[in-house]
Amino acid sequence: MNWLILKGVLFSALLLTAAVWDIRRREIPDWIPVIIFLTGIPRMKPLEAFSGLVVTGLPYLLAAVLSCKKEGFSIGGGDIKLMAACGFLLGAWGGILQSIAALTLSLVAGIGICAFRKTKKLNAVLLPLAPFFCAGGIFSYCVVVFLASS
């Protein structure tokens, strides 16, 4: 059980670092997903870890490529790498839960900002995604650990 707590604290600290970095600089450094990935290696179940990496990371990669504009991608490479690493650590169901929680929170925040600004253009709101991935990831890790210990 101590291993799960240590892993959760490290995962949470890395997600919080990514969130703060993304808010301040609008980028996520490569070393954060790498360390999250390495954190997922001890005691991993290979099939679950790699399916989580693909199931969690691939939708963000597809969304970035399919929504590409002249100005660039609407979803950054750091977001894609971060979510793939989180999927590796959490597994497929944990990664899916993280995505649902994070994207729901970001949608609610975007709608709230539009209401505050009194605009109806949701695409006019640019939000860094890492803070929402952070909240969703911590929530998902707690759920995954709780369900595994039950």
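All values below were derived from every heavy atom in this structure, side-chain atoms included, with hydrogens, water molecules and symmetry-related copies excluded.
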Determine whether D79 and Y60 satisfy the following criterion, side chain to side chain contact (heavy atoms under 4.5 Å, CB included), listing intermediate values before the conclusion. CA-CA 8 Å; D79 295 322; Y60 292 96; 5.8 Å; no
Side chain to side chain contact (heavy atoms under 4.5 Å, CB included) for W31 and T17? Distances and angles first, verdict last. CA-CA 11 Å; W31 60 268; T17 303; 3.9 Å; yes
Stepwise, does the side chain to side chain contact (heavy atoms under 4.5 Å, CB included) test hold for W93 with V55? CA-CA 9 Å; W93 291 112; V55 167; over 6 Å; no
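Closest approach of V144 to G94, counting heavy atoms only: CG2-CA, 3.8 Å. The two residues M83 and S99 make their nearest non-hydrogen contact at CE-OG, 3.4 Å. Closest approach of L127 to A109, counting heavy atoms only: CD1-CB, 4.2 Å. In this structure, P131 and A19 approach most closely via the heavy-atom pair CA-CB, 3.6 Å. Heavy atoms only, all atoms of each residue included: G57 and I80 are closest at O-CG2, 4.0 Å. The two residues K81 and P33 make their nearest non-hydrogen contact at O-CB, 3.7 Å.
L82 CG to F37 CZ: the interatomic distance, rounded to the nearest 0.5 Å, is 13.5 Å. Rounding to the nearest 0.5 Å gives a distance of 10.0 Å between SG of C134 and CG of L14. Distance check, rounded to the nearest 0.5 Å: CG of L147 to OG of S149 gives 8.0 Å. We find the OG-CZ distance between S51 and F88 to be 10.5 Å, quoted to the nearest 0.5 Å.
The side-chain heavy atoms of L90 and Y141, taken from C-beta on, include a pair separated by under 4.5 Å. In this structure, I36 and L15 have side chains that are in contact, with non-hydrogen atoms separated by less than 4.5 Å. For the pair F50 and V54, the minimum side-chain heavy-atom distance is 4.5 Å or more. When side chains are defined from C-beta on, S106 does not count as touching F133, because their heavy atoms never get closer than 4.5 Å.
Hydrophobic clustering (ILVMFWY, side-chain heavy atoms < 4.5 Å, transitive): L38 and L4 are in one cluster. Connection of V34 to I41 is established within a shared hydrophobic cluster, with ILVMFWY side chains joined at heavy-atom distances below 4.5 Å, either directly or through further cluster members. Cluster membership for I96 and V143, using ILVMFWY side-chain heavy atoms within less than 4.5 angstrom, is not shared. If you chain together hydrophobic residues whose side chains sit under 4.5 Å apart, L97 and L107 never meet in one group. Note on I23: it does not cluster hydrophobically with I138, by side-chain heavy-atom contacts below 4.5 Å among ILVMFWY residues.
The backbone N or O of L53 lies less than 3.5 Å from no partner atom in the side chain of T56, so there is not a single donor-acceptor pair. In this structure, the side chain of D22 engages the main chain of A130 through a donor-acceptor pair within 3.5 Å. Q98 contributes no side-chain N or O that, together with a main-chain N or O of G87, makes up a donor-acceptor pair within less than 3.5 Å.
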